[in-house]
Amino acid sequence: MHGYSRLGTVRTNGGSPPPSPRFRHGRSKSFSGSIGRGAKQNLVEKLVVVVVSAVFRRRGVLLFAPVLYISGMLLYMGSLGLDINIQRIGRGDGGPQPPGSLYRSPQAFEKLWPFMEADTNETHNTLMSSWNPKLNQVWKPCISPSISQAGSQELPDSNGFLIVEANGGLNQQRLSICDAVAVAGLLNATLVIPMFHLNSVWQDSSKFSDIFDEDFFIDALKNNVKVVRQLPDDVLQQYHYNISSIVNLRVKGWSTPTHYLQKVLPKMKTLRAVRIAPFSNRLAQTAPSYIQGLRCLANFEALRFAEPIRLLAEQMVQRMIKKSLAAGGRYVSVHLRFEKDMVAFSCCEYDGGEEEKREMDAAREKGWRGKFRRKGRVIRPGANRMDGKCPLTPLEVGMMLRGMGFDNTTSVYVAAGKIYKAEKYMAPLKLMFPRLETKDSLATPEELAPFKGHSSRLAALDYTVCLHSEVFVPTQGGNFPHFLIGHRRFLFGGHAKTIRPDKRKMALLFDSPRIRWEQFKRQMKDMLRHSDAKGIELKKPSGSVYTFPMPDCMCKQERRGSEYSNTTVLI
């Protein structure tokens with residue numbers, strides 16, 4: 001997607017300035033103009049001149065705004081000093097480009113690589129002291145008392161059956177499933193095991209039971225929400241054994257619990273069963289404590305992967321720990337979103353020239369059929385990069401981690417799909433981190449064979465290995481990192497243990513091939529400290545309980561003497 005430029009809107013049509021007041025308000029040469037009229041016209045002229053002058057002065061300020069912005073950014077970056085050439089500021093019309101708008105990371109790497117190699121044995125591995133221990137063990141997982149109280153009683157008679165269709169990849173499906181549990185609890189409905197839509201991008205035909213442990217899911221929810229594998233025969237008979245005959249309610253995105261109670265529940269009671277397809281993002285983030293508790297129960301306790309996925313994933317985690325013995329079994333996981341479709345969708349440019357542009361145009365047309373060719377659509381790769389919207393390359397991820405102090409003895413697990421031009425782009429990351437692993441190196445071809453062609457099952461393997469890493473590095477937004485960050489908070493005392501790259505700042509750093517190694521390291525370590533400080537965050541009213549499980553899914557631990565006491569926190 002294209003983004004607006006942070007340097008202001010650029011005029012590309014060469015619009016002319018307003019006509020001169022001299023010609024718009026010149027005096028008439030005819031004799032009909034009296035002295036009084038001439039004096040009045042003089043006054044009008046003066047007023048117009050003042051107004052136009054003010055406009056021109058304001059335009060001057062606006063034109064000067066980009067320079068002010070870039071100067072502020074340079075001051076913010078501090079250590080960049082004179083490493084960035086101010087003359088590169090331009091309008092994106094083929095002239096000099098603004099700082100941070102070009103992909104020049106390979107040139108920066110070429111300059112910094114000798115210093116990275118020399119620095120390897122001079123400092124300790126950051127992996128051994130990534131996080132402030134004072135921030136850990138503050139929260140613990142717990143189920144809201146409202147859930148426990150409701151679950152201790154026998155469930156009332158069901159108001160009907162809820163059928164949902166989960167769409168998207170693994171974690172979008174996860175979102176739909178957990179929200180469906182919450183809606184079923186809200187409506188006192190019986191949830192039918194969600195169906196999965198065959199996504200045009202993911203192309204995975206897996207069913208619920210292929211990815212998740214169906215029996216465990218039903219049993220874990222039995223005291224709070226009734227779940228069945230399929231509709232009973234009498235309901236199926238009512239709809240001639242054709243689920244598509246059941247009315248599909250078009251629920252708007254982020255609908256409130258009140259909407260479900262007022263609009264969906266009456267239909268359900270009348271028809272005995274309703275469908276909602278698609279169901280992704282159909283429940284508002286803000287909800288009563290009981291509903292949030294059901295989301296927590298579904299996501300963190302009821303959903304576990306199917307046994308074939310779980311067994312292989314556990315073996316992969318153990319293998320990763322064994323390979324990381326030099327660092328006490330700790331390793332870094334990176335969610336690398338540099339697949340061809342992601343690069344194409346971002347509308348960012350790298351260093352592939354015209355060949356890359358043709359490939360990306362073809363990929364966008366194949367995946368999104370004309371979406372990027374609509375009338376009025378403007379793609380600004382430079383603005384996208386400056387706004388932090390471009391997926392980080394493997395090279396950029398490696399430079400960031402080395403700058404933070406993760407040396408070449410660090411074991412790194414890369415979770416990803418098929419990397420765009422992997423042979424070219426993965427080479428520098430492997431050079432910086434020789435102990436690099438992927439699911440293809442941790443598992444044998446025979447072990448992976450049952451999962452090939454099923455992107456959600458492969459993503460489940462990646463999810464598990466990332467979940468148990470010491471450090472997790474997301475490189476692009478999406479449901480995978482959002483769910484993983486929340487899950488890691490849930491497991492690690494409320495602390496995410498996640499490095500969140502500041503891609504706007506990094507765009508400026510990587511676009512400065514003359515930057516010095518010490519300056520680069522200082523910026524990266526500041527970024528690591530900021531990630532540590534932001535590791536513990538409470539959910540805001542509009543936040544997702546899946547990313548911010550405190551306080552809905554966890555209890556506060558207050559220190560009393562040498563021990564912690566548990567205090568349940570409810571919203």
Atom pair OG (Ser105) and CG (Asp351), whose distance is rounded to the nearest 0.5 Å: 9.0 Å
Aromatic ring proximity Phe338/Tyr350, centre distance under 6.0 Å: yes
Where at least one partner belongs to residues 459-470, residue pairs that pass salt bridge (Lys or Arg N to Asp or Glu O under 4.0 Å), sequence neighbours excluded: Lys439-Asp462, Glu470-Lys497
Aromatic ring proximity Tyr103/Phe510, centre distance under 6.0 Å: no
Any side-chain donor near an acceptor of the partner, Asp119 and Trp517, under 3.5 Å: yes
Donor-acceptor contact below 3.5 Å, side chain Lys503 vs main chain Cys390: yes
Donor-acceptor contact below 3.5 Å, side chain Glu356 vs main chain Gly352: yes
Cationic N near anionic O, under 4.0 Å, Lys371 to Glu365: no
Check: Tyr331 ring centre within less than 6.0 Å of Tyr413 ring centre: no
Backbone N/O of Gly417 and side chain of Glu339: donor-acceptor pair under 3.5 Å: yes
Minimum-distance pair of heavy atoms, taken over all atoms of Pro194 and Ile177: CG-CG1, 4.1 Å
Thr126 side-chain N/O to Gly405 backbone N/O, donor-acceptor pair under 3.5 Å: yes
Considering all heavy atoms, the nearest Phe433-Asp407 contact: CE2-O, 3.4 Å
Worked verdict on Lys521 versus Glu518 for salt bridge (charged side-chain N to carboxylate O under 4.0 Å, His left out): CA-CA 5 Å; Lys521 281 202 304 182; Glu518 292 302 322; 3.6 Å; yes
Test item: Asp532 side-chain N/O and Trp131 main-chain N/O as donor-acceptor pair under 3.5 Å: no
Sidechain N-carboxylate O distance under 4.0 Å for Arg282, Asp179: no
Donor + acceptor pair across side chains of His487, Asn299 (<3.5 Å): no
Note, Leu509 side chain near Lys505 side chain (heavy atom, < 4.5 Å): yes
Exercise: do Ser469 and Arg488 side chains pair donor with acceptor under 3.5 Å: yes
Point-to-point distance, once rounded to the nearest 0.5 Å, from OG of Ser512 to CZ of Phe520: 10.5 Å
Check against salt bridge (charged side-chain N to carboxylate O under 4.0 Å, His left out), Arg529 and Asp526: CA-CA 5 Å; Arg529 282 191 289 270; Asp526 283 346; 2.2 Å; yes
Main-chain N/O of Arg500 paired to Ser531 side chain as donor or acceptor, under 3.5 Å: yes
Heavy-atom pair of closest approach, residues Glu447 and Leu312: O-CD2, 3.6 Å
Spacing of CD1 belonging to Ile379 relative to CZ belonging to Arg373, to within rounding of 0.5 Å: 10.5 Å
Short side-chain donor-acceptor distance under 3.5 Å, Ser346 and Asn384: no
Distance in Å, Lys534 NZ paired with Ile499 CD1, rounded so as to fall on 0.5 Å steps: 16.0 Å
Six-ring centre of Phe216, Arg304 cation under 6.0 angstrom, axis tolerance 45°: yes
Distance-only side-chain donor-acceptor flag, Arg457 / Ser206, under 3.5 Å: yes
Worked check of ring-ring contact (aromatic ring centres under 6.0 Å, His included) between Phe208 and Phe217: CA-CA 10 Å; Phe208 185 101; Phe217 180 73; 5.2 Å; yes
Check: Asn167 and Gln172 side chains under 4.5 Å, non-hydrogen atoms: yes
Tyr546-Phe483 aromatic ring centre distance below 6.0 Å: yes
Residues in salt bridge (Lys or Arg N to Asp or Glu O under 4.0 Å) contact with Glu354, at least two apart in sequence or another chain: Lys357
Backbone N/O of Asp511 and side chain of Arg104: donor-acceptor pair under 3.5 Å: yes
Chi angles and distances behind the salt bridge (charged side-chain N to carboxylate O under 4.0 Å, His left out) call for Lys452, Asp440: CA-CA 11 Å; Lys452 289 294 185 182; Asp440 292 302; 3.3 Å; yes
N/O donor-acceptor pair under 3.5 Å between Thr547 side chain and His482 backbone: yes
Sub-4.5 Å side-chain heavy-atom contact between Met399 and Glu396: no
Donor-acceptor pair between Arg522 and Gln519 side chains, under 3.5 angstrom: no
Side-chain H-bond candidate by donor/acceptor type, Gln285 with Ser542, under 3.5 Å: no
Parallel, tilted or perpendicular, as decided by the 30° and 60° cut-offs, for the rings of Trp113 and Phe109: tilted
Side chain to side chain, Leu221 and Leu297, heavy atoms closer than 4.5 Å: yes
Cysteine SG atoms at Cys553 and Cys296 closer than 2.5 Å: yes
Heavy-atom pair of closest approach, residues Pro391 and Cys348: CD-SG, 4.4 Å
Gap between atom CG of Leu112 and atom CD of Gln107 - 0.5 Å precision: 11.5 Å
Minimal non-hydrogen separation, Lys539 against Pro551, with atom names: N-CD, 4.5 Å
Backbone N/O of Pro549 and side chain of Asp552: donor-acceptor pair under 3.5 Å: no
Derivation and outcome, salt bridge (charged side-chain N to carboxylate O under 4.0 Å, His left out), residues Lys222 and Asp219: CA-CA 5 Å; Lys222 65 182 180 182; Asp219 186 66; 3.1 Å; yes
Heavy-atom check, side chain of Ile515 versus side chain of Lys111, under 4.5 Å: no
Side-chain donor/acceptor of Asn171 to backbone N/O of Arg174, under 3.5 Å: no
Nearest-0.5 Å distance, CD1 of residue Ile309 to CE of residue Met316: 11.5 Å
Phe115 six-ring centre to Arg402 NZ/CZ under 6.0 Å and within 45° of normal: no
Residues Tyr420 and Glu359: side-chain donor-acceptor under 3.5 angstrom: yes
Lys207 NZ: over 12 foreign heavy atoms closer than 6.0 Å: no
